[in-house]
K.L.:
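Quick one: this structure, given as structure tokens, is what I'll be asking you about.
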Amino acid sequence: MSDIHKPCACSPDKGVSRRSFLRTSTVLASGVAALAASLAPLRELTDYTSIEQFMQKYYKEMTPQEMEKVLERITREVEQHYKIRPHVKDYKPMDGVEFVYCLNLTRCIGCRKCVHACVAENNQSQNPEIQYIRVLKLPHGSLDMEKGDHNYAPSSVPEKGFFYMPVQCQQCKNPPCVKVCPVKATWQESDGITVVDYDWCIGCRYCEAACPYFARRFNFTKPSIPKERLNPNMSYLGNRPRKQGVMEKCHFCIQRTRAGKYPACLEVCPTGARKFGNILDPESEVSYILRTKRVFIQLKEELGTSPRFFYYFDV
Amino acid sequence: MSDIHKPCACSPDKGVSRRSFLRTSTVLASGVAALAASLAPLRELTDYTSIEQFMQKYYKEMTPQEMEKVLERITREVEQHYKIRPHVKDYKPMDGVEFVYCLNLTRCIGCRKCVHACVAENNQSQNPEIQYIRVLKLPHGSLDMEKGDHNYAPSSVPEKGFFYMPVQCQQCKNPPCVKVCPVKATWQESDGITVVDYDWCIGCRYCEAACPYFARRFNFTKPSIPKERLNPNMSYLGNRPRKQGVMEKCHFCIQRTRAGKYPACLEVCPTGARKFGNILDPESEVSYILRTKRVFIQLKEELGTSPRFFYYFDV
Amino acid sequence: MMRACKNYLTFLWRCTRIAFVGDWRYYAWLGLLSLFCLVGLNAYAKQIVHGLVVTGMSDQVSWGVYIANFTFLVGVAAAAVMLVIPVYIYGNEELHDLVIFGELLAVAAIIMCLAFVMVDLGRPDRFWHLIPGIGQFNFPGSMLSWDVIVLNGYLLMNVHICGYLLYCRYDGRRPAKWFYIPFVFLAIVWAVSIHTVTAFLYVGLGGRPFWNSAIVGPRFLASAFTAGPALIILAMQVVRWITADSPGGGVAPPPSGTPAPEAGARRPATLEDLELLASHLPQFASVPAEIRQSILMDAVVLDVAPGDALLRQGEAGNEVFFVLEGRVVVKREEKGRFRITRSVGPGEQFGETSALTKTPRAATAIAEEPACLLRLPADSLSKLMQIPQMNKIITWRMTERLMITDRALMILRSIVQVSMLINVFLLVNEIFKEFYSPTAHVASSQYLYFGLHGYHALVPWIWVAIAFNLVAMFLLVLPLSRSLKYLNVACVLAIVGIWIEKGMGLVVPGFIPTPLGEIVEYSPSLNETLVCLGIWAFGILCYTVLLRMAIPILQGTLSKATEGHGDFYHRSTETPTLGIPDVKTAHSR
Amino acid sequence: MMRACKNYLTFLWRCTRIAFVGDWRYYAWLGLLSLFCLVGLNAYAKQIVHGLVVTGMSDQVSWGVYIANFTFLVGVAAAAVMLVIPVYIYGNEELHDLVIFGELLAVAAIIMCLAFVMVDLGRPDRFWHLIPGIGQFNFPGSMLSWDVIVLNGYLLMNVHICGYLLYCRYDGRRPAKWFYIPFVFLAIVWAVSIHTVTAFLYVGLGGRPFWNSAIVGPRFLASAFTAGPALIILAMQVVRWITADSPGGGVAPPPSGTPAPEAGARRPATLEDLELLASHLPQFASVPAEIRQSILMDAVVLDVAPGDALLRQGEAGNEVFFVLEGRVVVKREEKGRFRITRSVGPGEQFGETSALTKTPRAATAIAEEPACLLRLPADSLSKLMQIPQMNKIITWRMTERLMITDRALMILRSIVQVSMLINVFLLVNEIFKEFYSPTAHVASSQYLYFGLHGYHALVPWIWVAIAFNLVAMFLLVLPLSRSLKYLNVACVLAIVGIWIEKGMGLVVPGFIPTPLGEIVEYSPSLNETLVCLGIWAFGILCYTVLLRMAIPILQGTLSKATEGHGDFYHRSTETPTLGIPDVKTAHSR
């Protein structure tokens, strides 16, 4: 930028006077100094991108060997940073599985236990805290979210005249976030989970603008997780620590659910309002609910996103 | 229209030849004949608008005496036509009353008894039949009305895997139909009922286009009601017989509810899915429902019409 | 005052009378249109008796082809301003002569609009409920009440402007600017408003997502500014064609066969001749004596017989002629046909354009009656033009002519071109919005463009409309359409395409599916179609009659000056307009 | 080939070098801009280190002033075509000289756009993931991938067109039509597309009703075609101002104080003189001997000294001059200041416009060096013009001048005028749609215009923007703005109004309330603001440098012919551009 400002560095066609030379040199030197001064904050940069990371291939184009190397690199980085040796794996979707989430609005008491269990499980930044689940307190009778309270005080739940609606990624069948990503850094897996490759995202936040459920989160600064609270059981597309400047989101606890466990939010729920399972299995709890419950609600059904997250009532 | 076609009837400045005169007369005569022929269908017109009716004043500007005369005229007309002397009254809204309707979607079995009770009570045309209530059969789990079946066969209700949603005028607090009417022929009364003055409506059907609930009906031809099925208990803004070419709609059985009775659709409901009452009375059933039921639905809440018709679940 | 009244009544009387004068083709045309009108009236009578059940409409689709035509015609009416703007705002003279034709079209279109609204009403006998002051007028809440105001206001405004300008032309007066220019500017704003208000009728309905979109208004305007001027392009060519005599018909003298301009007696002019001129042209009185004197030097007085040509189109020549007695008709040859551009009587001049601009004669002037003319060289004219009063009257009379030049049509072409590009651009925006993220609101568009749940009555129509619009756009953009042949094809395609897309393509899908998701299709019944045809015929009839009145006035053949001539009954030489033989001649055949 | 390469490199080298040449005001201006650039760079470095947390953005409002500026500048870039269309499609010559300035503005604007996108990225180090072929390009699904293509394509296209035209002008060659005209037309379509695609970025988001409206695209275009030409109107006046010498500065000879055109020695021309001319002007070889001979009759050869005036602005005169040796500079007086419109060397002509059109001299011609000139009367020029080759070269050179006339600015005014009317019309449509039937979708508009639930950060801004737009519209519509003073006020108001309305007023309300109904407001942080200022400064710096290169080329003072003259280091008479004293003179002060 600044070199435009310095005068012509070349000597003019004919004899350069000493004074002119001195002048040119002075301007040139002060220009370089100013440039250096303006770039000074970069000295504080600690978290350099390594060549290895910079050159890393696109997730879907990596061979198993290359993925192995990447996982090793991640393990190394985490160990270096948190002094804990994690278990990082690239969990793949299982055949014949499509995950679906059902949430019983009759039961939810708005305790926000799910919110915090999620943060702990998924190694989200805790300062500033990034939460995947947002619980709305709604007055009886209305599903108009504009009437919702996002910041209710949790001591007195459930409050009379209100009900509670936790919202997280709806794992849409037609995810707008995937459609708009210019670099294919986010996509839908065969088991219905929409994931983000944290090493490919360029941080344009177009997906965040596109999501109708406020389900995506951006690392506005370097995430900070206390060492003692790091969950060492990690997956590449799931809860491994993120870098500054990339998107993340709820991935149905990929490191748990693809290993046959329930998501953290479900396990911690004290009222059993949360149900999770494989919709392709007719015997699963979620299949039963969707088959028998009279009315359930897909948020913003009119947008055509076709969520895999269903709200229902105890009818 | 046709007089443009006839040649100049005036005689030209100077001497008109006999031939020209004959010609002019011939053309003139045949023009008049053609015009008369084209208007011939009007001879079939039986239901002339009387001068009295044509000159009738706007409802809100009539004195009680004038209204009395109008009611007499209507009584006369009905008697003449149906050979039954009706009891026609102009029921006024009661102070401290705002009507509200609640419908329990858990209970409704889609029997359509309400639909037919409504037709009978409100003297709707029976050929073609005009129905105020439309019952939708919806697949479990969805409130997307585009998936609804309007013409399901009623023999087997309730069908498994479906639920039923009766829709009628939602008596909006912000009724779009009232806003768009160019001649103020429809308005909202103080007890929340939106009414139509059948003697003022010009039949432009703009209200029908504006209504988001498909709740308004137009008399596309002369309504026909068998004499024996005429309900003689009539109100001016309610169920008195309508004329061809005007709008009508559900008015919460004004002739019943303003006399302290329940609407016909509620009385006939076999499951008790329908609840009606005064929301301003905290002891009323509807007040109780709206106070205690966890979630209820106002159709198309996002349009800002603010219906007085609430759908709820047995929770 | 009395005289003015009488004069105005005479004007109206003569206009009315001339509407019934014409040759067999004119009568056949009026007869055909009247037939359609009567058939339509018959169909409407049936509708009155049986109700709107005779149409294809239903509670589900409660507006149909009536309102579709209404919507389209509001656009046509609004487009008249696209002639007014270039002339009055940008001072384009080329379109000047077309403004009145455009405004007459607006008048005819608004009459049709009102008729379409009327037939759509369930209770036409109660239309008076809509009249502010008498009925109950839901203003400003209901957009329909706005529409009542703007449509009727626009009608009155255009009737006033046309009527006043035509009457002034008839009367040989210069129109008073304050009496019509404010209305011209008001009409410009108003034209946008009739369109926007009509769009808002639809846009304001929150429960109909297909209409509840801010782009409907701009699309209305863009398509109106495409279809309207396209219609004017076609109409003007028809006017040009019917106002031309047929070639070599023996009636119009072919340029080669007429006597030379030197025909007839000629003598130097005297001061008496100038006084005679001054008696017909009061402004001449303001010319100082010394100038009169200096003019006399080169002035010549000609006495000519009927049929003598004074000057011929295409020839060089820099003299101006003032008529002292008799009448001279000025004709222009266009593509082998002759058209009267002016009829000049005592005190009026011709040939001044060539004299002032040194260009070849733009038309041929032929004496209609035995006439006496004062011929002046260009220098003398320049001297006269230095007198402000003379300058004003001569300049004003220069513009008093009926010319529909190809260049004027090309200006209209560029309006149609740009509007069509904008129209298609807006369509692209709408389609992108609907289909890129297909929300539930897309159902109506889905039905319109691709069909929904097996229903697809409108699909072939809308694709035909889009194809027509696109072909028209390409034709208009290509230099090809500088040829009238291709331009006409493009105009027809554009009009039909927009009629489909903005009429049925806008109104019907708004109702499908219903707000409760039901699909009931609509197609107009026969009776409904006949009513529409009747109204169209009535509108065309109105426009025909209005043109029949306006053209001779613009040509100068119907004017106060020709009053004594007993209109067209006494003209012995040839037919003035529409290629229609004189009535008397026709009678005595 | 080698020579062409060397020539092109010399061209680049001289262009680069001239960018660093100027007087103290020029250096001060560059210095100031560089200062802002450095401050911005510093702020950006902080952002790199700490992340986007240093901005005012949040998960709720995830785009802010960066993307707002980006959106606005895409519009400015697109507006360059509003100069290109009149010139290349409608053949308007008045704007011809401005096209290159418009396209250079487009280049600068696109550079700023790319910079704004870059600073908005969370991971700028991964921008290469966006490169088709190397990264993963989500085309055609993501509108952002379309934007990458169209923005970079537009940049390349404009760089190519400007660069090629300037190089040809430098080289004294006539540009080959096939080498740039196709790109000109492509750029027209492309300009619409950069805008529409950028609008579609927003429109395509079904979950954001404030953006998910088909009218956003048309409004983008209308506001761009308002703000862009308004900016060009202002920029061109700055160019006109800086390319003029100060009046009576002693450097530029005032017309009254110069020697008469008869100054210097004069003698009849000989055949040798014509051969000398032919050696510089190869086309002259095609002139047949008999015409050469006939020309000789009235031809005069003048030998003049530096500072001699050959012809003077405003005088009558119908001779044309061909330069045989030396250089002549043509200057035009505008409002008391002189501006070089051409610099003419051997083989080139001046004075031909007056000779051909019989109009007074439009500029003053002064010898820069001892010069030898061939003077021909208008008749001889007419004879030469009958030779096709001569006609072509002379006509082409007639257009090679730098004139920014008031009429050109008035043409831009009518573009701004119409665009602003359309823009306001679209705004009215949008506001009607939102507020007539206020559905839940109205929340964002409610927030923007009136505030929502007690939050109203944008309310004062949007009303200021609307007020500015309305005032600008009225100024533009009134004849008042035919005066540059009011026009400039209108332009500034329009630019600021649109910057607010289309930048922050479009981007931020789309996020408020969030899809879950939460309201989190946004205002840019100091750091963010400094980055923005830095990018603006960088863009203006780019435009300054581009103009610094282009102006002398357009004036003809920087051309292949002046190569031997050692650019501006050796000119002894006066400063060529920007009112900047010669460098050598400055050094020896």
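Below, chain A is the first sequence line, B the second, and so on; all start at residue 1. Atom set for the values below is all heavy atoms of this structure, side chains included, hydrogens, waters and symmetry mates excluded.
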K.L.:
Counting only heavy atoms not in Tyr58(A) (residues, nucleotides, ligands), do more than 12 fall under 6.0 Å from its OH?
P.N.:
yes
K.L.:
Could you state the interatomic distance from CZ (Phe220(A)) to OG (Ser62(D)), rounded to the nearest 0.5 Å?
P.N.:
6.5 Å
K.L.:
Could you tell me the separation between the CG atom of Leu136(A) and the CG atom of Leu516(D), rounded to the nearest 0.5 Å?
P.N.:
5.5 Å
K.L.:
Please classify the contact of Leu303(A) with chain D as side chain, backbone, both or neither, using a heavy-atom distance under 4.5 Å.
P.N.:
side chain
K.L.:
Identify which part of Val183(A) has an atom lying under 4.5 Å from any heavy atom of chain D, answering side chain, backbone, both or neither.
P.N.:
both
K.L.:
Tell me whether Ile51(A) at atom CD1 has more than 12 heavy atoms from other residues, nucleotides or ligands lying less than 6.0 Å away.
P.N.:
no
K.L.:
In terms of heavy-atom proximity below 4.5 Å to chain D, should Phe218(A) be classed as side chain, backbone, both, or neither?
P.N.:
both
K.L.:
Under 3.5 Å, is there a donor-acceptor pair between the side chain of Arg126(D) and the main chain of Gly203(A)?
P.N.:
no
K.L.:
Please report the shortest heavy-atom distance between Pro212(A) and Gly207(D), naming the atom on each side.
P.N.:
CB-CA, 4.0 Å
K.L.:
Quick one: of Glu208(A), Arg205(A), Met145(A), Glu146(A), who has the most non-hydrogen atom pairs under 4.5 Å with chain D?
P.N.:
Arg205(A)
K.L.:
Could you give the distance from OH (Tyr44(D)) to CG (Leu42(A)), rounded to the nearest 0.5 Å?
P.N.:
9.5 Å
K.L.:
For the interface with chain D, which of Leu299(A), Asp144(A), Val180(A) has the highest count of heavy-atom pairs at distances below 4.5 Å?
P.N.:
Val180(A)
K.L.:
Please classify the contact of Trp146(D) with chain A as side chain, backbone, both or neither, using a heavy-atom distance under 4.5 Å.
P.N.:
neither
K.L.:
Considering only heavy atoms, which portion of Asp199(A) lies under 4.5 Å from any heavy atom of chain D: side chain, backbone, both, or neither?
P.N.:
both
K.L.:
For the interface with chain D, which of His150(A), Lys184(A), Glu44(A) has the highest count of heavy-atom pairs at distances below 4.5 Å?
P.N.:
His150(A)
K.L.:
Would you mind telling me which of Pro128(A), Cys211(A), Gly304(A), Cys204(A) has the largest number of heavy-atom pairs within less than 4.5 Å of chain D?
P.N.:
Cys204(A)
K.L.:
Would you mind listing every salt bridge (charged side-chain N to carboxylate O under 4.0 Å, His left out) that reaches into residues 49-62 of chain D, with sequence neighbours excluded?
P.N.:
none
K.L.:
Side chain, backbone, both or neither: which part of Leu205(D) has a non-hydrogen atom closer than 4.5 Å to chain A?
P.N.:
side chain
K.L.:
So what's closer than 4.5 Å to chain D heavy atoms on Lys179(A): side chain, backbone, both or neither?
P.N.:
both
K.L.:
What's the shortest heavy-atom distance between Asn42(D) and Ala37(A), and which atoms?
P.N.:
ND2-O, 3.6 Å
K.L.:
Name the member of Gly517(D), Ser142(D), Gly135(D) that forms the most heavy-atom pairs with chain A at distances under 4.5 Å.
P.N.:
Ser142(D)
K.L.:
Does any backbone or side-chain atom of Leu452(D) lie under 4.5 Å from a heavy atom of chain A? Answer side chain, backbone, both or neither.
P.N.:
side chain
K.L.:
Return yes if some donor-acceptor pair links the side-chain N/O of Thr221(A) with the main-chain N/O of His50(D) below 3.5 Å, else return no.
P.N.:
yes
K.L.:
Identify, with sequence neighbours excluded, every residue that meets side-chain contact (heavy atoms from CB on, under 4.5 Å) alongside Pro166(A).
P.N.:
Leu103(A), Cys108(A), Ile133(A), Val135(A), Arg274(A)
K.L.:
Checking Tyr206(A) side chain against Leu201(D) main chain: does a donor-acceptor pair fall under 3.5 Å?
P.N.:
yes
K.L.:
Shorter than 4.5 Å, heavy atoms on both sides: which option in His453(D), Gln60(D), Met143(D) has the most such pairs with chain A?
P.N.:
Gln60(D)
K.L.:
Under a 4.5 Å heavy-atom cutoff, which of Glu61(A), Lys60(A), Lys147(A), Arg216(A) has the most pairs with chain D?
P.N.:
Glu61(A)
K.L.:
Please identify, among Phe137(D), Trp211(D), Trp128(D), Tyr202(D), the residue contributing the most non-hydrogen atom pairs under 4.5 Å to chain A.
P.N.:
Trp128(D)
K.L.:
Shorter than 4.5 Å, heavy atoms on both sides: which option in Ser58(D), Pro513(D), Pro124(D) has the most such pairs with chain A?
P.N.:
Ser58(D)
K.L.:
Tell me which of these, Val54(D), Thr16(D), Val39(D), Asp120(D), has more heavy-atom pairs under 4.5 Å with chain A than the rest.
P.N.:
Asp120(D)
K.L.:
Might you confirm whether atom CH2 of Trp29(D) has over 12 heavy atoms from other residues, nucleotides or ligands at distances under 6.0 Å?
P.N.:
no
K.L.:
Quick one: pull up CZ in Arg134(A) and OG1 in Thr514(D) and give me the separation to the nearest 0.5 Å.
P.N.:
7.5 Å
K.L.:
Could you tell me whether the side chain of Gln244(A) and the main chain of Ile48(D) form a donor-acceptor pair under 3.5 Å?
P.N.:
yes
K.L.:
Once rounded to the nearest 0.5 Å, what's the spacing between atom OH of Tyr198(A) and atom CZ of Arg123(D)?
P.N.:
14.0 Å
K.L.:
For a quick test of reading the model, state the closest non-hydrogen atom pair linking His129(D) to Trp200(A) and the distance between them.
P.N.:
ND1-O, 2.8 Å
K.L.:
Picking from Pro182(A), Ala185(A), Ala34(A), Pro176(A), which has the most non-hydrogen pairs under 4.5 angstrom with chain D?
P.N.:
Pro182(A)
